[in-house]
Structure formats: structure tokens, C-alpha cells
Amino acid sequence: MRMLTFAKRCTKEILRDPINLAFGLGFPLALLLLLSSLQKNIPAELFDIDTLTPGITVFGLSFVTLFSATLIAKDRESAFLQRLYATPLTGWDFILGYMLPLLPLAVSQTVICYLFAIPLGLTVSINIIYAIIGIIPMAVFNIALGLLCGSIFGVKQVGGICGALLTNLSAWLSGVWFDLKLVGGFFEKIANVLPFVHAAETEKALFGGNLELALTHLIPIILYSVFITATAVVCFLRQKKKQ
Amino acid sequence: MQGIKTVELVKSYKRLTAVNKLNLEIHPGELFSLLGVNGAGKTTTVKMLTCITKPTAGDAFVGGYSVTKQPEQVKRLIGVSPQEIAVAPNLSVKENLELMCGIHRFTKEKSKAKIKELTRRFALDSVLNRKAGKLSGGWQRRLSIAMALVSEPEILFLDEPTLGLDVIARHELWDMIRSLKGKTTVILTTHYMEEAESLSDRIGVMKDGNLLAVGTAEELKKMTGTNDFEAAFVSVVKEGAL
């Protein structure tokens, strides 16, 4: 299938970029190590490894957005896509070819985070598997957001928007680093409207075995994922048409 | 095998007409150059003929198929090497060629044979396993053209193929382009006089989206009453349509 050929190429492009690996894996793992060490010296419930790890897996997904957006923006700027637009590849071949390889990458990132956290004291249970499965809707959201940003912005803008803005939004508004209730007010309201805190809470709930709570947080994530995916598809096809 | 025919082809943007009522016929097997200064409309013409950009008005027939109504059929006939270097940078030269084979649904055996043939033809042996993004501009251009030829296109579009190359790399690439003559219809855009004169069967001179003159290099010289091609080009561009 043409789409799989293109998807294979996208996988290679992402995996062979050392910056992707450094940020996508290195940064979340370094944070896990740093914050869990900090927690040992200055105990804080938020940085307990069982609470911290699910949150870090959600934060790590913001780098998946950066990978996907950068790849698409680079392809657009380098005229590589122009070459491929003149081949029998269809719009859907491109969309699926960009999105599909990132899903196993995002899940692998989550698996590695959980595995890395075990020697740091993470409680091992079947719930880790549920938490890994539960990350998929948020991974789809992040991948689609990358497709959207890559279709609209250039490489430099993507670096700023996805690399700086999104990672910060994901960090500040997910409740991973501090309890949102402590800030409260407008900040907490905004955080609750966006999907980041729901993703972190879903992961924590699944890891803690609270399926019912997880489901309530999953709903807004699924809605966001559907909306962003649809918007990303429209924007990608529109920029393709606009060439 | 049919060539290319454009009928009153127009591409306009908000305040700019990039290509204005282009009527052009390119014969099968011909090497046709579109020559013009920057902004003449050459690349926009190629983009319309390769179904990357939709015309605002008019139509073009590539290999007998309409670019507006039968883009899928057109895409099966053509190969494109865009103006900017369009290779996958983190893939090796071989993987770039394999990618194009996969997109055109070649079997494993056919892919292997095609890559072997193109490697020999473009002397890519020494760089076959190197990442495309690490190659010099000359090698990347070679690879770009080789990628365009994977599908064995009847019609090949080369948009400024030697832009930014040094003299040696440019002459090497010219030899490769010459080797395609007769077998493939080649449409080449350039703003190098020497390139157009040396390679082309016929040349079309464009300015501000308009096709000002068409003919062989000799015919253009005769039309303008000049002895050298550069003077002929300048005369055509300055005086407008002949």
C-alpha cells in the first residue's frame, strides 16, 4: 500500500533525528529521575513516583506533537511534499502516513516511562497496562495537533508554538507540577476546559485502578481528539489544494 | 505517446496573474525549455501541468489527459523534480529511491532492478547508503532527478534542475538530461541561457506570465536578428511578443 510506504518513510525520518530522541525520551526520563530524587529529600505527595509517572507520560506526549508538526512543516518547506503531490498518493495517504507511525511511538514513549519508573519505586500492577492503553486518546489528540500545526505553520513557528508554547501549556495546565486547586480561580477553570489536566487525571485514575473516574476524564479528551483530528484533516487538505 | 497542449491556461492570485492565457504545444520526445527571469511564470506553469496547482481558467492536456478533469491519469504519466531540492533528508539515497518505487507500487524485484538501473545511470554507487540530507547540492539534484525517473515517466518536468550548482556539476547534469532526449518528453525551466541553448529542441520565452516567443535557439536568434542567444533573449524580453 502506498500509504504504508509513506508511513514507513515518516517513521524513519522521526527515529533518525537525534533531537527527537533526546527530547521525546531523554527529557521525560530525566524529569522522572530528577523529581523522584527531589521527592526523596523533600517529600511532596505530587512528586511521589506513583503520582508523578502518569503525569510525566502525558507531558511527554507534547513532544510527539512537536515531532509530527516539525516533520510536516519541514516537508512542506523543502518541496518534498510538492514532489509527492505529483504522484498518485492521495490526501488520505498523506494524513494516515503522517499520523499512524506516531501512535506506536507515543505508546512506546509511555511504556518506556513506566518501565523506567519501576526501579525508582513505581508500584507494579496490571493497572500499568490500563494506563498505557488509556494514553491512546490523548496521543491521538497530540498527533492530530501536530498535523494541524505542521499544515499551518512553518518550521520556525512550529518550534516556537509546539516546542515552547505547547510544552508549557501541557506542563502548567495539566496539574502535573502543582495542584491546580492551590491556584484556583480563572487558572483552574481554564485548565479544566483544556484536555491536559483530564489526560493527567485519566492516567492517574487508571494507574490507581479507578476506572469510573478515568472514564469521566476520558470523555473531554475523546471530544478534543475528534475535533482536532477533523480540523487537522481539513487544514492539511486545504494547504494541499492551495499549493 | 502524446505530448502537452495548453489551452488559454491562466493562473491568477489576488493581485497577480502568474500565467496569462498560455497556449503552448510540446511534442512527444521533445526537450522543451521554458526560459525566463525570476517571476516569469515558469514554475507556476509546471505546477499546473503537474496537477500541484489548479488553473484559474483554461486547461492543459498532458499525455492527452486534462489536468483539471483527469489529474489521477496525468500523475501516472509524469515525473517531477521540483525547483528546490526535494529529497527525504534522513533517508539514504537507496531508501529515497525505494520510497518512490513503493509509491508507484513496484514489486520487490522490480524495485531492485529499477534502483540498480538508476544507480548505474546516475553514478550513485558511491553515495547509495549515505543520508540524502548530508550530500552536496549536486548529488542531491542527481538523486532528485533519479527519483523523478523511478516511475518511468513519459513526461518529465525539471524545474530549474541546475540552480545553485557549480560548473562541473551543472555540465554533468546536462549530460544526464541529454541522455533522456527522444525517450522521454522533458520540460525544463531555467533562467540560464547556456542551459536552454545547449539542451533544448525548442525554447519558450516567458515574461510576467506571458509566453513571448517559441522556437529553436537558432529561430529565436533569427527572429531578433542577433548572433548570440543571450542577446536574442534580451531582445525578446525587452520588446515583448514577437
Side-chain angles (χ1 to χ4, degrees), chain A residues 1-24 67-68 70-98 100-102 105 150 154-155 236-243, chain B residues 11 13 43-44 46-54 62 67 71-92 95-106 111 131-134 140 143-145 147-148 150-151 153 155-160 163:
Chain A
M1 274 173 84
R2 291 187 173 115
M3 183 275 287
L4 289 179
T5 305
F6 183 62
K8 201 170 147 189
R9 171 262 161 184
C10 293
T11 310
K12 284 180 184 170
E13 285 281 353
I14 294 165
L15 289 178
R16 287 178 188 176
D17 190 337
I19 295 171
N20 285 348
L21 291 179
F23 275 92
F67 303 162
S68 111
T70 307
L71 178 65
I72 298 161
K74 267 187 187 169
D75 281 353
R76 282 175 51 224
E77 284 189 7
S78 73
F80 182 71
L81 271 185
Q82 241 182 61
R83 169 193 288 287
L84 297 184
Y85 286 160
T87 68
L89 280 170
T90 64
W92 282 103
D93 287 333
F94 285 107
I95 289 162
L96 293 174
Y98 276 124
L100 286 186
L102 284 156
L105 283 179
V155 178
F236 182 83
L237 295 177
R238 187 177 285 179
Q239 70 79 28
K240 181 176 181 278
K241 224 175 177 183
K242 261 189 177 176
Q243 283 288 318
Chain B
K11 182 69 192 181
Y13 300 97
T43 297
T44 309
V46 167
K47 281 186 174 178
M48 285 192 282
L49 295 176
T50 53
C51 307
I52 292 172
T53 299
K54 275 195 175 172
V62 175
V67 296
E72 297 312 314
Q73 284 90 329
V74 172
K75 286 178 183 182
R76 286 195 196 107
L77 293 180
I78 61 170
V80 184
S81 177
Q83 187 179 109
E84 293 150 67
I85 292 166
V87 296
N90 283 324
L91 265 58
S92 69
E95 286 169 335
N96 268 283
L97 294 171
E98 281 170 347
L99 169 71
M100 298 310 287
C101 289
I103 286 171
H104 291 283
R105 287 187 175 154
F106 283 14
S111 297
K131 276 190 184 176
K134 303 277 180 198
Q140 288 189 347
L143 172 60
S144 186
I145 297 175
M147 286 168 77
V150 161
S151 62
I155 299 164
L156 177 67
F157 293 88
L158 302 175
D159 195 3
E160 309 259 5
L163 191 71

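These figures come from a predicted structure and were not determined experimentally. Sequence lines set the chain letters: A, B, ... in the order given, protein chains first and strands last, and positions in each chain run from 1. FYI, side chains are in, hydrogens and waters are out, and symmetry mates aren't considered; it's all heavy atoms of this structure.
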Proximal component of [X], with respect to chain A [non-hydrogen, under 4.5 Å]:
X: B:Ser92; answer: backbone
X: B:Ser151; answer: neither
X: B:Pro71; answer: neither

Review point. Of A:Leu71, A:Asp17, A:Asn20, which meets side chain to side chain contact (heavy atoms under 4.5 Å, CB included) against B:Asn90?
Key: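 Among A:Leu71, A:Asp17, A:Asn20, the one that satisfies the side chain to side chain contact (heavy atoms under 4.5 Å, CB included) with B:Asn90 is A:Asp17.
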Practice item. Identify which one of B:Thr50, B:Val80, B:Ile52 satisfies the side chain to side chain contact (heavy atoms under 4.5 Å, CB included) criterion when paired with A:Tyr85. Key: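 Answer to the side chain to side chain contact (heavy atoms under 4.5 Å, CB included) test with A:Tyr85 among B:Thr50, B:Val80, B:Ile52: B:Ile52.
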Point to revise | Pairwise distance OG1(A:Thr5) to CE(B:Met100) - rounded to 0.5 angstrom | key: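 The OG1 atom of A:Thr5 sits 11.0 Å away from the CE atom of B:Met100.
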Point to revise | Rounded distance (nearest 0.5 Å) linking atom CG of B:Leu99 with atom CZ of A:Phe80 | key: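 It comes to 5.0 Å.
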Exercise for review: Specify which of B:Gly79, B:Ala148, B:Gly133, B:Ser144 makes the most heavy-atom pairs with chain A at under 4.5 Å.
Suggested key: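 Of the options given, most contacts go to B:Ser144.
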Review point. Can you tell which of B:Leu91, B:Val74, B:Asn96 has the highest number of heavy-atom pairs within less than 4.5 Å of chain A?
Key: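 Heavy-atom pair counts peak at B:Leu91.
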Exercise for review: With chain B as the partner chain, list the residues of residues 87-95 of chain A whose heavy atoms fall under 4.5 Å from it, by residue number, and write 'none' if nothing qualifies.
Suggested key: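 The residues closer than 4.5 Å to chain B, in numerical order, are A:Thr87, A:Pro88, A:Leu89.
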Point to revise | salt bridge (Lys or Arg N to Asp or Glu O under 4.0 Å) against A:Lys12, all qualifying residues, sequence neighbours excluded | key: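 Only B:Glu95 meet the salt bridge (Lys or Arg N to Asp or Glu O under 4.0 Å) criterion with A:Lys12.
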Exercise for review: Please check if atom CD1 in A:Ile19 has more than 12 non-hydrogen atoms from other residues, nucleotides or ligands closer than 6.0 Å.
Suggested key: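 Open: at most 12 neighbouring heavy atoms sit under 6.0 Å from CD1 of A:Ile19.
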Review point. Considering only heavy atoms, which portion of A:Leu84 lies under 4.5 Å from any heavy atom of chain B: side chain, backbone, both, or neither?
Key: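 Side chain of A:Leu84 only, per the 4.5 Å heavy-atom cut-off to chain B.
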